[in-house]
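So the structure is just underneath, and the comments pick up after that.
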Amino acid sequence: MRLANISNRLTLINRNSEIIDVSEETGGLFSPRIEECYERWDELLEVAATLGGITGRPLAEIMPEEFGNPAPQPRQVFAIGLNYAAHAAEASLAVPQDLTVFTKFVTSLAGPYGTITLPPGTVDWEVELVVIIGRGGRHIPRERAWGHVAGVSVGQDLSERTMQAAGPAPQYSLAKSFPGFGPIGPLVVTPDEFDDPDNIELGCVLNGKEVQKGRTADMVFPVPEIISRLSRVTPLLPGDVIFTGTPPGVGVGRTPQRFLAPGDELVTYVRGVGEMRHRMKAQR
Ligand code: ZN
C-alpha cells in the first residue's frame, strides 16, 4: 500500500497510481488528517483493501506543492547516527557498538518539495530511509519489528556541521533541527511492497551530480535491530518517525569539503518510494 498527504488530506494510491481520498470514500470514517491514521493502522489496512477498485486522478498530475509531509505530527522523532560503516569512516569516527541516538525536533520536519533556508554555517546533506511506526509497543523483538512499521519514506537529515561539532560534546539534535532540516515524503510505502525491506537503495543528487548512493543492507543496525533496541528503553508510539542513518558521500567527508549553497538543488530518493526535490536559499 502507498499513502500520501496531498492537499492536507490522507490519500491512498491505488495499483494504477491513481489517488483516492480515504475520508471521502469511507464517508468520514477516517479523518482527512494523515497523522491520525497511524493510531488506527490495522483498521486502515482493512479499509484500504476495500478501496482498491475505486478510480481517481492520476498521481502524476499532482503538483509538487500539493504534497505535504506524510508523518507531520510524530510524538517522538528518533535519528540514528553513524549507522553505515563507510559513513563513520568518512566522519573519522568509530563504528558504534550500540545505537547512537538523537532527535530532530518536530519543527524541523517539512514536506518533500520546496525551498530550504540555509542558516549561517556549513549545512550538509544526509539521505536516509525514514521509518514510520504503525503499531506501537515496548520490548519489540527483532523478528516482529517490521510488523510494527506502517511504512517507509524518503528523508533528509540536514545538518549544520559547525554547530554540530562545537563544544565538548556533539550537538546533533539542535544542529540538525533548523526549520526545513527534516523533510519527509512524498509517499509512505508499506514494507510488503519491497522484495526485501532490509535491502533498499537510497541516494541523493546535488545539482544533477550523484553524491550519495547506498543500500540499507549495509546498515550497522538494520531497521529491526533499531526498533528492538529503541523499544527496550522507550515505548514506540503510532506515527513516530525514525531517521535510520546515512550512507557515505556527505559533504563534510569530501576533499575538498562541500556544503550546501544558495541556489543548489538537492534531489533525495529511496528506490520504490520516490524522490524529494529541494532548492536551497539564503537566510535574509
Ligand atoms: Zn543522519
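Read the numbers this way: they start at 1 and go in the same order the structure lists the ligands and their atoms. None of these values were measured; they are calculated from a predicted model.
For Glu126, the N/O/S atom at the shortest distance from the Zn ion (ligand 1) is named OE1. Glu128 contributes OE2 as its N, O or S atom closest to the Zn ion (ligand 1). Residue Asp157 approaches the Zn ion (ligand 1) most closely through its N/O/S atom OD2.
Relative ring orientation between Trp41 and Tyr38 is described as parallel, the plane-to-plane angle staying below 30° on a 0-90° scale split at 30° and 60°.
A salt bridge links Arg142 to Glu225: at least one charged side-chain nitrogen sits closer than 4.0 Å to a carboxylate oxygen. Between Glu126 and Lys176 there is a salt bridge, with a side-chain nitrogen of the basic residue lying less than 4.0 Å from a carboxylate oxygen of the acidic one.
Cation-pi geometry between Arg229 and Phe221 is not met: the NZ or CZ atom fails to fall both under 6.0 Å from the ring centre and inside 45° of the normal.
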